[in-house]
Amino acid sequence: MKHSVNLGYNHWISSHFPRRISVLKDCNISEINRNLLSRTVTLAGWVDRRRDHGHLIFIDLRDRSGVVQLAFNPEVAAGTHETANSLRNEYIIQVTGVVSRRPAGTENPKLLTGDFEIAVNRLTILSAAKTPPFYINEEAEVDENVRLRYRYLDLRRSRMRHNLMLRHQVIRYIRNHLEERDFIDVETPILIKSTPEGARDYLVPSRVYPGKFYALPQSPQQMKQLLMVAGVERYYQIAKCFRDEDTRADRQPEFTQLDLEMSFIDEEDILRLMEELFTGLVETLKPDFRLVKPFARLTFTEAMERFGSDKPDLRYGLEIKDVSSILAGSEFGVFSSAIYAGGRVRGIAVPGCGGYSRRELNELNDIARSIGAGGVVTVSLDSSPATIEEIEMQDVHSIAAKYLNIEQVKAIAKKLDARPGDLILLAAGKDSLTSAVLDKLRREMALRLQLADSKMFHFCYVTGFPLFYRDEANSRWDSVHHPFTSPCEEDKHRIESEPDKVTSRAYDLVLNGFEIAGGSIRIHEPDLQRKVFRLLAYTDEQIEERFGHMMEAFSYGAPPHGGIAAGIDRLVMLLAGESSIREVIPFPKNQNAQDLTFGAPDYVSAEQLDELHICINSENKLKGK
RNA sequence: GGCCCCGUGGUGUAGCGGUCUAACAUGCCACCCUGUCACGGUGGAGAUCGCGGGUUCAAAUCCCGCCGGGGUCGCCA
């Protein structure tokens, strides 16, 4: 033991305390309470803040659990008071003193320990600290670059401490919940074989086999299916996944999933399991949240029709409606040409935005254009008429106004549940386009009008996804989910004849507009699996090369099985009320996939490259050159 | 790769052609202060206004390019 601690420590500690944290520390700060009054305790932690009154010095001592006030009084311990003079923020200290009740009137109700203070008579500076580059003890926004560069300091701040703790509690809850239901935690390897479909792989060169590479798993998908073949029946894992794609606020190159798989089940088993899990989790860890029960259920078609998205945020309305029939004979080119080409006119009504300025309407139009639409047709309704019935053309403002009659406007307004004073947004074109535009505008307007309550949790299962989609760029069929997803029973015969009509047995769990989990019932018959691979234009050689191990495994008998994977980072983000998963990941990458704390990625030595049989192609760069 | 936003003492902001020799808050340093708790008081140090170029009599401020960061589209089976 390097640090000197007070003598006699071991002697009195055992007789006075129910528990002893460690040799340097008797208890956590949050454990200071009336039961310890008049007792001598030894605490250790960080100087959160100092208030120097010249003679009397107060220090707020912080540890992971909380804060307590230390009082240094020269009349109690002169030498100790002297040392306390030199304390600065973030110094790490150990103190011994008497737990005292504060003088009447000086209690601090904001602190859990605010009725007490430690009358310190011994102080040891365990570690001096430079002044940190940003506040540890305040919540002020700090440039994220700086935060990531000094992440170990950022993590000292209460916001990040709480996020870290919440993440721990979430994972502990999940483990308990699943283990009570007979799931076993099985680890799967990180160094695996690259399978070129899906996202880009992170590759790891082999030293032993020149020119060969491992890949990091994008998910443990194939391995968990093999575990079902192996008879594990109920598997779960808190698994790291790796995808070399561009980051987003809710996407990182490496992320954590709750991965699970079950045998002898169908969709309902999985959906019920996850609903019980997340319901219990939210109610236990965030009892003040408003949880909508039971979880909503939408088909993919319904979600796209009503919300323009397969991950709709159900905390607010602004539902999309089809107004094509009202505008069928319209002379307004935007509408007529879209309908003529087989598209539709769909729209949403935004409450109270009928007074939007030219500039604000232009912003909405720009948003529509930014995702590839020609724009959005805005129809502003004056707020003066009492009801829609009383509205007249002079109350209607739109570039399409002169092509509309009042009956059409009323019909559209009624269809969209619009009232006087509302703003109607109309998009025309094929469904994929109008869905994208109206989804984006719906979310934008909800943001502006603050319609989404961050303490409301509105889960929603989306089911009935198509199994395949047409990849027009490469003129081939591709899996919507992944190639192991089972078609529903009644569509199996359509795989070759009408692949676009095949419904899958996949399901997503959506929370407040974020895809929080996704999974499916898998194919467990080798013949059906082969049929799917062939539709996806794999030759028999490619099937053998890429999926031979799966096909062979299934030939030894595979139980019906299915599973789901849930994004832990996104879940914790929403529970923490954060808007980026970086806030709930201790050491995240930035948007350019760099780790600013460690400076990764970085060049490596010529020797390392040589050993891996790797020769760098582009103009630079070897470490130290 | 496209589009949008941001870049001013350590931190957070203000300033948006001349008054800037750059302001405010906080932090930092020194001194004073015995009941504070975002303690208080006095004084002090601290910024080539991200970088480069241009316009102008004059640029933190306007324009162009670059760099860095964030958001988003593409991408993410």
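Chain A is the first sequence line, chain B the second, and so forth, proteins listed ahead of strands; every chain is numbered from 1.
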Novice: When you compare G43(B) with U48(B), how far apart are their P atoms, in angstrom units rounded to a whole number?
Specialist: 26 Å
Novice: Could you tell me how far apart N85(A) (CG) and C29(B) (C1') are, to the nearest whole angstrom?
Specialist: 15 Å
Novice: G74(B) base to R248(A) side chain: any donor-acceptor pair below 3.5 Å?
Specialist: yes
Novice: How far does the P atom of G27(B) sit from the matching atom of U21(B), given to the nearest Å?
Specialist: 29 Å
Novice: In Watson-Crick or G-U wobble terms, both distances under 3.5 Å, what is the partner of A47(B)?
Specialist: none
Novice: Kindly say whether R64(A) contributes a backbone atom to a donor-acceptor pair with the side chain of R161(A) at under 3.5 angstrom?
Specialist: yes
Novice: For T80(A), give me all partners under side chain to side chain contact (heavy atoms under 4.5 Å, CB included), at least two apart in sequence or on another chain.
Specialist: F72(A), A77(A), V120(A), L123(A)
Novice: How do S579(A) and E245(A) order along RNA chain B: which one's closest nucleotide is nearer the 5' end?
Specialist: S579(A)
Novice: With sugar-phosphate meaning primed atoms plus P, OP1 and OP2, does Q218(A) contact a base, only sugar-phosphate, or nothing at under 4.0 Å between heavy atoms?
Specialist: nothing
Novice: Specify the separation, in whole Å, of atom NZ of K130(A) and atom P of C29(B).
Specialist: 14 Å
Novice: Select base, sugar-phosphate, or nothing to describe what T485(A) touches, counting heavy atoms under 4.0 Å on all strands.
Specialist: nothing
Novice: Are any of R582(A)'s side-chain N or O atoms less than 4.0 Å away from OP1 or OP2 of G71(B)?
Specialist: yes
Novice: Over how many whole Å does the gap from Q252(A) atom CD to C75(B) atom C1' extend?
Specialist: 16 Å
Novice: Determine yes or no for a side-chain-to-main-chain donor-acceptor pair under 3.5 angstrom, with Q529(A) supplying the side chain and H524(A) the backbone.
Specialist: no
Novice: Taking E515(A)'s backbone N and O only, do any of them form a donor-acceptor pair with R570(A)'s side chain (distance below 3.5 Å, no angle check)?
Specialist: yes
Novice: Does one side chain, of T188(A) or Q237(A), offer a donor that lies under 3.5 Å from an acceptor on the other?
Specialist: yes
Novice: E498(A): which residues meet the salt bridge (Lys or Arg N to Asp or Glu O under 4.0 Å) condition with it, sequence neighbours left out?
Specialist: R494(A), K501(A)
Novice: Considering residues at least two apart in sequence or located in another chain, which fulfil the side chain to side chain contact (heavy atoms under 4.5 Å, CB included) criterion with T131(A)?
Specialist: none
Novice: If you take any heavy atom closer than 4.0 Å to RNA chain B, which residues from residues 432-444 of chain A end up in contact?
Specialist: K440(A)
Novice: Any strand counts, and the cut-off is 3.5 Å on both contacts for Watson-Crick or G-U wobble. Which nucleotide pairs with C57(B)?
Specialist: G18(B)
Novice: Given G69(B), is OP1 or OP2 found less than 4.0 Å from the side-chain N or O atoms of N592(A)?
Specialist: yes
Novice: Using Watson-Crick or G-U wobble geometry with both distances under 3.5 Å, which nucleotide pairs with C24(B)?
Specialist: G12(B)
Novice: Roughly, in whole Å, what's the span from CD in E578(A) to P in G70(B)?
Specialist: 16 Å
Novice: What integer distance in Å separates R251(A):CZ from G70(B):P?
Specialist: 14 Å
Novice: For Q591(A) and G68(B), is the shortest distance between a side-chain N/O and OP1 or OP2 below 4.0 Å?
Specialist: no
Novice: With both distances under 3.5 Å as the test, what is the Watson-Crick or G-U wobble partner of G52(B)?
Specialist: C64(B)
Novice: Using atom P of each nucleotide, how far apart are A58(B) and U19(B) to the nearest Å?
Specialist: 14 Å
Novice: Mind calculating the distance between CG (N590(A)) and P (U72(B)) to the nearest angstrom?
Specialist: 14 Å
Novice: Tell me what D366(A) touches on the nucleic acid: a base, only sugar-phosphate, or nothing, going by heavy atoms under 4.0 Å.
Specialist: nothing
Novice: Partners of E141(A) by salt bridge (Lys or Arg N to Asp or Glu O under 4.0 Å), sequence neighbours excluded?
Specialist: R159(A)
Novice: Would you check if there is a donor-acceptor pair between the side chains of N163(A) and E578(A) at a distance under 3.5 Å?
Specialist: yes
Novice: Residues in salt bridge (Lys or Arg N to Asp or Glu O under 4.0 Å) with D431(A), at least two apart?
Specialist: R344(A)
Novice: Under the rule for ring pair (Phe, Tyr, Trp, His ring centres under 6.0 Å), what residues qualify as partners of F533(A), not counting sequence neighbours?
Specialist: Y538(A), F547(A)
Novice: Over how many whole Å does the gap from K589(A) atom NZ to G69(B) atom P extend?
Specialist: 15 Å
Novice: When every nucleotide of nucleotides 30-47 of chain B is labelled 5' to 3' by its protein contacts under 4.0 Å (heavy atoms), B for base, S for sugar-phosphate only, - for none, what sequence of letters results?
Specialist: S--BBBBBSB--------
Novice: For R448(A), check side chain to side chain contact (heavy atoms under 4.5 Å, CB included) against everything at least two apart and list the hits.
Specialist: Y356(A), E363(A), L364(A), I367(A), E444(A), M445(A)
Novice: Find which nucleotide of RNA chain B each of G198(A) and L596(A) is nearest to by heavy atoms, and output the residue with the more 5' nucleotide.
Specialist: L596(A)
Novice: Kindly say if N145(A) contacts the phosphate of G69(B), meaning a side-chain N or O under 4.0 Å from OP1 or OP2.
Specialist: no
Novice: Which parts of nucleotides 3-12 of chain B does protein reach within less than 4.0 Å, heavy atoms only, written one letter per nucleotide 5' to 3' as B for base, S for sugar-phosphate only and - for none?
Specialist: -------BBS
Novice: Sequence neighbours left out, what pairs pass salt bridge (Lys or Arg N to Asp or Glu O under 4.0 Å) with at least one residue falling in residues 502-511 of chain A?
Specialist: E267(A)-R505(A)
Novice: Just jot down the salt bridge (Lys or Arg N to Asp or Glu O under 4.0 Å) partners of E90(A), sequence neighbours excluded, or say none.
Specialist: R62(A), R156(A)
Novice: I need the CD-C1' distance between E363(A) and U72(B), as an integer number of Å.
Specialist: 16 Å
Novice: What integer number of Å spans the P atoms of U55(B) and G15(B)?
Specialist: 28 Å
